[in-house]
Q: 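Please see the structure below; I have some questions.
Since the model is a prediction, treat every value here as computed from it, not as a measurement.
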Amino acid sequence: WVETLHFTQEAALELVRGTIQRSRSKSPTPSSIFKTADRTAAKLADAGITDAEGVRRAMQGDEQASSTARKVLFRLGLRRNPTGPEEQMAAKWLGEWQLTPEEILAACDETVKATNPSFAYLDKIIESSRQNDGSFDAVKELLETLGNYQKPNREQRTWYAARMQEGFQPETLRLAAAQRAKRGGSFEGLEKMVTQWKELGLTRLADAEAFVSRNEALLEEFSAI
């Protein structure tokens, strides 16, 4: 791991420690621990994670996914340990889709209509809810306008939903993102700008466009002076 995969010694120790903590065996053997850790090491190295802190976060994320998968199985009435694909699906919900364990477990209640509830059925329910919400794609577009190509997190989606409740039009927020991008785009900067626009009553696109046009005209006059 150290010489070929370029892990630091501290990262290698974290890898073993995390593997032992995740082991379901009451008395794990060194051979089984190192065999499991070796597979994990290869995956982490492919992802470019070779430092101790990165390994620790990855192992904690895997443990959370495993724990969530076990809770989902229990909620679905399935008394067994989760399979690898089921843990990967839980990791997707937690990581890529930025859901909390509580939100995932709440979605389990929607599986009552299924004769044989499963992770695949739950995945479709969660995906449908995510698409119908619309906030993920909307925030993704705002982030891309700002030059940020990361996936929207839960806090950003909650912020967007709150702005919709305040009466902002989606086009107004896109205009704000475009204006913020001219000054060095950041989501925090966008939040401040939108707060200012809210105080000025600029929730409708027409009002916001008029405000932006007036400011640009004043800027040209100031530059001339």
Q: Can you tell me how far CG of Leu143 sits from OH of Tyr149, rounded to the nearest 0.5 angstrom?
A: 10.5 Å
Q: Checking side-chain contact (heavy atoms from CB on, under 4.5 Å) for the pair Thr8/Thr50: CA distance, chi angles, key distance, verdict?
A: CA-CA 7 Å; Thr8 65; Thr50 56; 5.9 Å; no
Q: In this structure, which one of Lys92, Arg80, Arg70 forms a salt bridge (charged side-chain N to carboxylate O under 4.0 Å, His left out) with Glu86?
A: Arg80
Q: Just wondering, are more than 12 heavy atoms of other shown residues or ligands nearer than 6.0 Å to CD in Glu216?
A: yes
Q: Taking atom CD of Gln9 as the centre, report whether more than 12 heavy atoms of other residues, nucleotides or ligands fall under 6.0 Å from it.
A: no
Q: Could you tell me whether Glu188 and Lys192 make a salt bridge, using a distance below 4.0 angstrom between a side-chain N and a carboxylate O?
A: no
Q: Between Met193 and Ala176, which heavy-atom pair has the shortest distance, and what is it?
A: SD-O, 3.4 Å
Q: Grab the two heavy atoms, one from Leu142 and one from Ala177, that are nearest each other, plus how far apart they are.
A: CD2-CB, 3.9 Å
Q: In terms of the angle between their ring planes, are Trp1 and Phe34 parallel, tilted or perpendicular, with boundaries placed at 30° and 60°?
A: parallel
Q: Asp109 and Arg75: side-chain contact (heavy atoms from CB on, under 4.5 Å), yes or no, with the steps?
A: CA-CA 8 Å; Asp109 296 337; Arg75 185 67 68 90; 3.6 Å; yes
Q: One pair to check against side-chain contact (heavy atoms from CB on, under 4.5 Å): Trp93 and Leu122. What are the steps and the verdict?
A: CA-CA 11 Å; Trp93 298 334; Leu122 178 60; 3.6 Å; yes
Q: How long is the gap from CG on Leu190 to CG on Asn148, to the nearest 0.5 Å?
A: 11.0 Å
Q: Please determine whether the number of non-hydrogen atoms from other residues, nucleotides or ligands lying under 6.0 Å from atom CZ of Arg183 exceeds 12.
A: no
Q: Strictly distance-based, threshold 3.5 Å: is any side-chain N or O of Glu14 a donor or acceptor partner for the main-chain N or O of Arg56?
A: no
Q: Which atoms form the tightest heavy-atom contact between Met164 and Leu173, and what is the distance?
A: CE-CD1, 3.5 Å
Q: Rounded to the nearest 0.5 Å, what separates atom CZ in Arg174 from atom CD in Glu141?
A: 5.0 Å
Q: Closer than 3.5 angstrom, by distance alone: can the side chain of Thr68 be matched with the main-chain N or O of Ala65 as a donor-acceptor pair?
A: no
Q: Would you say the side-chain atoms of Thr145 pair up with the backbone N or O of Ala178, donor to acceptor, closer than 3.5 Å?
A: no
Q: OG1 of Thr195 to CZ of Arg163: how many Å apart, nearest 0.5 Å?
A: 6.5 Å
Q: Got Gln179 and Val212 here, is their nearest side-chain heavy-atom distance under 4.5 Å?
A: yes
Q: Does Leu44 belong to the same Ile/Leu/Val/Met/Phe/Trp/Tyr cluster as Ile20, with side-chain heavy atoms less than 4.5 Å apart forming each link?
A: yes
Q: Rounded to the nearest 0.5 Å, how far apart are CD1 of Ile49 and OG1 of Thr40?
A: 11.5 Å
Q: Go through it in stages, so that I can follow the logic: the residues are Asp137 and Lys140, the test is salt bridge (charged side-chain N to carboxylate O under 4.0 Å, His left out), and I'd like the CA-CA distance, side-chain angles, deciding distance and then a yes or no.
A: CA-CA 5 Å; Asp137 291 335; Lys140 184 172 181 289; over 6 Å; no
Q: Out of Thr100, Ile104, Leu105, which one pairs with Glu102 under the side chain to side chain contact (heavy atoms under 4.5 Å, CB included) rule?
A: Thr100
Q: If every non-hydrogen atom of Phe119 is compared with every non-hydrogen atom of Leu73, which pair is closest and at what distance?
A: CE1-CD2, 3.5 Å
Q: Before we go on, tell me: are the rings of Trp197 and Phe168 under 6.0 Å apart, centre to centre?
A: no
Q: For side-chain contact (heavy atoms from CB on, under 4.5 Å), just list the numbers for Leu76 and Ser118, CA-CA rounded to whole Å, side-chain angles, deciding distance to a tenth of an Å, and then say yes or no.
A: CA-CA 7 Å; Leu76 297 179; Ser118 64; 5.8 Å; no
Q: Can you tell if the side chain of Met59 reaches within under 4.5 Å of the side chain of Leu15, non-hydrogen atoms only?
A: yes
Q: Report yes if some heavy atom in the side chain of Pro101 is under 4.5 Å from a heavy atom in the side chain of Lys71; otherwise report no.
A: no
Q: Please name the pair of heavy atoms, one in Val55 and one in Phe7, separated by the smallest distance, quoted to 0.1 Å.
A: CG2-CE2, 3.8 Å
Q: Should Cys108 and Val72 count as side-chain neighbours, where that means a heavy-atom distance under 4.5 Å?
A: yes
Q: Rounded to the nearest 0.5 Å, what's the gap from CZ on Arg39 to OG1 on Thr19? Could you check?
A: 9.5 Å
Q: Honestly curious: do Trp159 and Leu99 fall in one hydrophobic cluster under the side-chain, below-4.5 Å linking rule?
A: no
Q: Looking at every heavy atom in both Ile33 and Pro28, which two are closest together, and how far apart are they?
A: CD1-CB, 3.8 Å
